[in-house]
Chemist: 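I am attaching a structure below and will ask some questions about it afterwards.
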Amino acid sequence: MGLLWWTVVLLAVLCLVGIAIYQALKFIATRDAQNLDALPHRTVVGPAGSLKLAVADTTDSLSKGLSGHQKLKNVHGLLLVLPRKATSLTLLGVQFPLDIVWLDAQNRVLKVTYDVKPGFGTLRLPSPARTAAVIEVPALRLRKLGAIEPGTTLSWK
């Protein structure tokens with residue numbers, strides 16, 4: 001058999017191994033879901049409404065994020081207060097599509113990403129330059145805040 005055949009076989013095996021590793025990591029993240037009620041909470045106010053968010057601002061809470069949750073009960077989403085050098089967002093173990101708002105240090109919207117479906121291709125999303133915080137909410141829930149676009153400034157209560 002030729003080199004091409006062996007190359008195809010090797011690539012198929014590597015794909016299967018990658019899928020198995022992804023599924024194992026997803027299972028581990030699901031098992032270790034953090035208690036969002038134990039985190040501090042803030043309410044973000046947009047042009048037309050507000051959302052109650054759990055605040056992840058420690059290494060442990062940032063690393064767990066929304067991983068492992070099937071749905072959110074007492075909060076609308078999660079505010080991730082990022083370390084200074086964060087360049088990407090990881091969605092490993094997230095079980096549902098998200099709307100994501102990227103904020104700078106003055107709470108101005110840098111970017112809005114709607115209906116991000118977690119999966120192998122969205123394990124790591126690059127952060128826009130100057131990102132200081134990220135809001136993650138289940139897809140379609142962001143509409144509760146009203147029209148959010150780059151340049152919009154959000155407030156807190």
Chemist: Side chains of N107 and W156: closer than 4.5 Å at any heavy-atom pair?
Modeler: yes

Chemist: Hey, what do you get for NZ (K71) to NZ (K73), rounding to the nearest 0.5 Å?
Modeler: 6.5 Å

Chemist: Could you pull out all residues at least two apart from T113 that satisfy side-chain hydrogen bond (donor to acceptor under 3.5 Å, both in side chains)?
Modeler: W102

Chemist: Under the side-chain contact (heavy atoms from CB on, under 4.5 Å) rule, collect the residues that match up with A132, sequence neighbours excluded.
Modeler: A105

Chemist: So do L72 and L66 actually touch side chain to side chain, heavy atoms under 4.5 Å?
Modeler: yes

Chemist: Apply side-chain contact (heavy atoms from CB on, under 4.5 Å) to residues Y114 and L142 and explain how you reach the verdict.
Modeler: CA-CA 9 Å; Y114 294 99; L142 191 58; 3.7 Å; yes

Chemist: Taking side-chain contact (heavy atoms from CB on, under 4.5 Å) as the definition, give me every residue that meets it alongside P126, ordered by chain and number, with sequence neighbours left out.
Modeler: none

Chemist: What's the separation between atom CG in L51 and atom OG1 in T43, rounded to the nearest 0.5 Å?
Modeler: 8.5 Å

Chemist: Where is the tightest heavy-atom contact between L36 and H41, given as atom of each residue plus distance?
Modeler: O-NE2, 3.4 Å

Chemist: Identify the heavy atoms of L91 and P118 that sit nearest to each other, and give their distance.
Modeler: O-CB, 4.4 Å

Chemist: Treat each ILVMFWY residue as a node, draw an edge where side-chain heavy atoms are under 4.5 Å apart, and state whether V112 and L80 are in one component.
Modeler: no

Chemist: Considering all heavy atoms of both residues, which atom of H76 and which atom of L53 are nearest to each other, and what is their separation?
Modeler: C-CD2, 4.4 Å

Chemist: Is there a side-chain contact (heavy atoms from CB on, under 4.5 Å) between L154 and L103? Walk through the geometry before answering.
Modeler: CA-CA 9 Å; L154 301 178; L103 302 170; 3.9 Å; yes

Chemist: Tell me, do L98 and V137 make a side-chain contact under 4.5 Å, heavy atoms counted?
Modeler: no

Chemist: With side chains defined as the heavy atoms from C-beta onward, is the minimum distance between F96 and K117 less than 4.5 Å?
Modeler: no

Chemist: Tell me every residue that passes side-chain contact (heavy atoms from CB on, under 4.5 Å) with N35, counting only those two or more places apart in sequence or in another chain.
Modeler: D37, A38

Chemist: Which residue pairs pass the salt bridge (Lys or Arg N to Asp or Glu O under 4.0 Å) test when at least one of the two sits in residues 87-109, sequence neighbours left out?
Modeler: D104-R108

Chemist: Would you give the length of the straight line joining atom CD1 of I135 to atom CZ of R141, rounded to the nearest 0.5 angstrom?
Modeler: 13.5 Å

Chemist: For the OG1 atom of T58 and the CG atom of L39, what is their distance to the nearest 0.5 Å?
Modeler: 7.0 Å

Chemist: List the atom of V81, the atom of L62, and the distance in Å for their closest heavy-atom pair.
Modeler: O-CD1, 3.5 Å

Chemist: Kindly write out the residues that satisfy side-chain hydrogen bond (donor to acceptor under 3.5 Å, both in side chains) with T153, not counting sequence neighbours, or none if the list is empty.
Modeler: none

Chemist: I'd like to check the side-chain hydrogen bond (donor to acceptor under 3.5 Å, both in side chains) partners of S127; sequence neighbours left out, ordered by chain and number.
Modeler: none

Chemist: With a cutoff of under 4.5 Å between side-chain heavy atoms, which Ile, Leu, Val, Met, Phe, Trp and Tyr residues group with L10?
Modeler: L14

Chemist: Report the residues that fulfil salt bridge (charged side-chain N to carboxylate O under 4.0 Å, His left out) with R42, sequence neighbours left out, ordered by chain and then residue number.
Modeler: none

Chemist: List, by chain and then residue number, the residues other than V45 in its hydrophobic cluster (Ile/Leu/Val/Met/Phe/Trp/Tyr, side-chain heavy atoms under 4.5 Å); write none if there are no others.
Modeler: none

Chemist: Output every pair passing salt bridge (Lys or Arg N to Asp or Glu O under 4.0 Å) with a member in residues 143-157, not counting sequence neighbours, ordered by first then second residue.
Modeler: none

Chemist: Identify the heavy atoms of L79 and A133 that sit nearest to each other, and give their distance.
Modeler: CD1-CB, 3.9 Å

Chemist: Give me the atom names and distance for the closest heavy-atom approach of I148 to P47.
Modeler: CD1-CD, 3.7 Å

Chemist: Just to verify, what does D60 make a side-chain hydrogen bond (donor to acceptor under 3.5 Å, both in side chains) with, not counting sequence neighbours?
Modeler: none

Chemist: Answer yes or no: is there a side-chain heavy-atom contact under 4.5 Å between V44 and L145?
Modeler: yes

Chemist: Would you say the side chain of V116 lies within less than 4.5 Å of the side chain of I100, judging by non-hydrogen atoms?
Modeler: yes

